[in-house]
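Chain letters run A, B, ... following the sequence lines, proteins first and then strands; every chain starts at 1.
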Amino acid sequence: MRFAPNPNGPGTLGSARGMVVNSEYVKMYRGKFILRFDDTDPDIKRPMLEAYEWYLDDFRWLGVTPDQVVYASDHFPLYYDYARKLIEMGKAYVCFCKGEDFKELKDAKKACLHRGVSPEENLRHWEAMLAGEYEDQQAVLRIRTDIDHKDPALRDWAAFRIRKLSHPRPEIGNKYIVWPLLDFAGAIEDHELGMTHIIRGKDLMDSEKRQGYVYKYFGWKYPRTTHWGRVKIHEFGKFSTSGLRKAIEAGEYSGWDDPGLPTIRAIRRRGIQAEALKKFMIEMGVGTTDVSISMESLYAENRKIVDPIANRYFFVWNPVELEIADFEPTVAKLPLHPTDHARGIREVAVGNKVLVCRDDIEKLEVGSTLRLKDLCNIEITSLSSLQAKKSSTSLEDLKKMRGKIIHWAPVDGIPVRVRGPDSDIEGIGENGILVELDKIVQFERFGFCRIDSVDREKVVAYFTHK
RNA sequence: GCUCCGAUAGUGUAGCUCGGCCAAUCAUUCAGGACUCUCACUCCUGCGACUGGGGUUCAAAUCCCCAUCGGAGCACCA
């Protein structure tokens, strides 16, 4: 099987489906898995040099090693070779019609005058195409099918076009001006690579029938195919690489790995685990129906994986200072994990002032009792300047009074910026977060985050999910 | 306009190939409860679906036809 992206941008969640499902089938049936870069459009979906590496990187992250990595752009000689054969066989012809003219004829089931030209003459035209004697748009090579086929999508489709542009890969550069189109390149590639099974998007359902002509002419056996529908994610809606590019260029996002984007790079940065993504994709299956799924399902998978490994920390958003009268400075000892005690504790030095979330104290009144988690119970004595007095340290007392338990942070904690899919949140966290670079942590009563960067003044975390 | 494909709970999915074991699987969401010094995790309980109509058959989610709805292709993109 194969996964054949055009590296015109990084992999998205849609690509991830292709990576995961194909590779899982290969694993299941001990087949061969090929990553093929379908990079033969220098124009509309022009490849991005970095994206090749990004795909390889995403595969490494998924723990998948393709058996073979191939570049369609390395195979021009092969394509030209087969094209020549087809011309000689009278199964392909150079067409000089303007696009709209051909469409009109095709829709009327009428052949254009170039269709009747002899193979010898076509061969001359083909050589002239390759030699650069025609300009862009002037000529294409068409595969001869049935011009009166009842399905207009199958009538004499184009296999090559002229585009005098360079290819982003330096090893290709300006070498070629005649570019193979998807159905032709794909047909040749799949055969040459010995493909037995193909999964592709249902937008390519006609490819099998179109390519079927080429396979028939050469006497090849067509691989078994299946199709899947489009993935729509509630949180992102429909998305396309070109659409994302536009939004990034417009400054709506900070880059391809912005937490608001449905790219693999973005969800990696946010701390989604490869295993969770795999399960999510496998669960989606391979139906032809379009799926409209919520990230919640992915988060649920991820939460189960991440919960046992994430250390807990306090992070206070919208911080407000709270003074506790008669509080003896101490070093609080808090568990790094609520159930896995072997992980040890975190120590936080506290004086008579702490930071708490504004949301937590908003509905309080003087006299309310609440508990600073793992520290002590307090009774609010003033709201104008937030003050309290320590009432007890016993958890039982708090339970009797049905008080709330809230989290807190030391006044000399580290500023934390949490980058989320929709917005960023600033606050103060425990200094212990500084040692968690690149790890997934849980900010208690807030959610899971991946610590993206740390320095003495600031921590940047990427929000994973609640 | 022509052609092709699909339809199972809020969402995703199993079952459809070879009709009976399907009073329909699993997951997630949601509601309730237990546990818990987090609104996390875990556990328990509950709600919830075969698009509609015909036909074939002893028997239809499964086969056939029609309708409805949805998607895709008819590019010198992939």
For the residue pair Thr288(A) and Met205(A), establish whether any side-chain heavy-atom pair is separated by less than 4.5 Å.
yes
Are Asp290(A) and Lys202(A) close enough for a salt bridge, meaning some N to O gap below 4.0 Å?
yes
Integer-rounded Å distance: [N] [atom2] and [X] [atom1]:
{"X": "Lys209(A)", "N": "C2(B)", "atom1": "NZ", "atom2": "P", "result": "16 Å"}
{"X": "Arg346(A)", "N": "U38(B)", "atom1": "CZ", "atom2": "P", "result": "12 Å"}
{"X": "Tyr313(A)", "N": "A40(B)", "atom1": "OH", "atom2": "C1'", "result": "16 Å"}
{"X": "Leu375(A)", "N": "C37(B)", "atom1": "CG", "atom2": "P", "result": "16 Å"}

How far, in whole Å, is [M] from [N] if one measures between their [atom1] atoms?
{"N": "U3(B)", "M": "U28(B)", "atom1": "P", "answer": "45 Å"}
{"N": "A49(B)", "M": "C64(B)", "atom1": "C1'", "answer": "24 Å"}
{"N": "U36(B)", "M": "A27(B)", "atom1": "C1'", "answer": "25 Å"}
{"N": "C4(B)", "M": "G10(B)", "atom1": "P", "answer": "32 Å"}
{"N": "A78(B)", "M": "G73(B)", "atom1": "P", "answer": "14 Å"}
{"N": "U29(B)", "M": "G48(B)", "atom1": "C1'", "answer": "11 Å"}
{"N": "G52(B)", "M": "A9(B)", "atom1": "P", "answer": "10 Å"}
{"N": "C22(B)", "M": "A61(B)", "atom1": "P", "answer": "13 Å"}

Checking Arg17(A) side chain against Gly285(A) main chain: does a donor-acceptor pair fall under 3.5 Å?
yes
For the residue pair Arg303(A) and Phe448(A), would you count it as a cation-pi contact if the rule is NZ or CZ under 6.0 angstrom from the ring centre and within 45 degrees of the ring axis?
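The answer is no, since Arg303(A) fails at least one limit relative to Phe448(A).
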Set of residues satisfying side chain to side chain contact (heavy atoms under 4.5 Å, CB included) with respect to Glu426(A), sequence neighbours excluded:
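For Glu426(A), the residues satisfying side chain to side chain contact (heavy atoms under 4.5 Å, CB included) (neighbours in sequence not counted) are Arg417(A), Lys458(A).
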Side chain to side chain contact (heavy atoms under 4.5 Å, CB included) partners for Asp81(A), two or more places apart:
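With neighbours one apart ignored, the set is Lys85(A).
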Where along residues 335-344 of chain A does a heavy atom come under 4.0 Å from RNA chain B, residue by residue in number order?
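By residue number: Pro338(A).
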Please list, for nucleotides 25-28 of chain B, all pairs of protein and nucleotide N/O atoms separated by less than 3.5 Å.
| from | atom 1 | to | atom 2 | distance (Å) |
| --- | --- | --- | --- | --- |
| U28(B) | OP1 | Lys304(A) | NZ | 2.3 |

Close N or O pairs between protein and nucleotides 60-64 of chain B (under 3.5 Å):
none

Go nucleotide by nucleotide along RNA chain B from the 5' end; which of Met284(A) and Asp360(A) gets its closest nucleotide reached first?
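The residue closer to the strand's 5' end, by nearest nucleotide, is Met284(A).
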Run the side chain to side chain contact (heavy atoms under 4.5 Å, CB included) test on Trp256(A) and Thr241(A) for me, step by step, so that the C-alpha distance in whole Å, both residues' side-chain angles and the decisive distance to 0.1 Å come before the verdict.
CA-CA 10 Å; Trp256(A) 288 105; Thr241(A) 305; 4.2 Å; yes
Close N/O contacts between protein and nucleotides 45-47 of chain B (under 3.5 Å):
none

Please output the side-chain donor-acceptor pairs of residues 93-102 of chain A that fall under 3.5 Å, not counting sequence neighbours, one pair per line with the distance.
| from | atom 1 | to | atom 2 | distance (Å) |
| --- | --- | --- | --- | --- |
| Tyr93(A) | OH | Asp156(A) | OD2 | 2.5 |

Please list, chain by chain and in numerical order, all residues satisfying salt bridge (Lys or Arg N to Asp or Glu O under 4.0 Å) with [X], sequence neighbours excluded.
{"X": "Asp360(A)", "value": "Lys404(A), Arg445(A)"}
{"X": "Arg2(A)", "value": "Asp190(A)"}
{"X": "Asp146(A)", "value": "none"}

Mind checking Lys279(A) for me? I need base, sugar-phosphate or nothing, with any heavy atom below 4.0 Å counting as a touch.
nothing
Answer with base, sugar-phosphate or nothing: what part of the nucleic acid does Lys373(A) contact at a heavy-atom distance below 4.0 Å?
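Base contact - Lys373(A) has a heavy atom under 4.0 Å of at least one base atom.
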Is the shortest side-chain N/O distance from Lys150(A) to OP1 or OP2 of C4(B) below 4.0 Å?
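Answer yes for this pair, as a side-chain N or O of Lys150(A) is under 4.0 Å from OP1 or OP2.
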May I ask you to decide if the ring planes of [X] and [Y] are parallel, tilted or perpendicular, using 30° and 60° as cut-offs?
{"X": "Phe76(A)", "Y": "Tyr80(A)", "answer": "perpendicular"}
{"X": "Tyr79(A)", "Y": "His75(A)", "answer": "perpendicular"}
{"X": "His149(A)", "Y": "Tyr213(A)", "answer": "perpendicular"}

What residues form a side-chain hydrogen bond (donor to acceptor under 3.5 Å, both in side chains) with Thr225(A), not counting sequence neighbours?
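Listed in chain order: Glu208(A).
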Nucleic acid footprint by protein, nucleotides 68-78 of chain B - heavy-atom cut-off 4.0 Å, B for base, S for sugar-phosphate alone:
---SSBBSBBB
Can you tell which of Asp374(A), Asp340(A), Asp307(A) makes a salt bridge (Lys or Arg N to Asp or Glu O under 4.0 Å) with Arg312(A)?
Asp307(A)
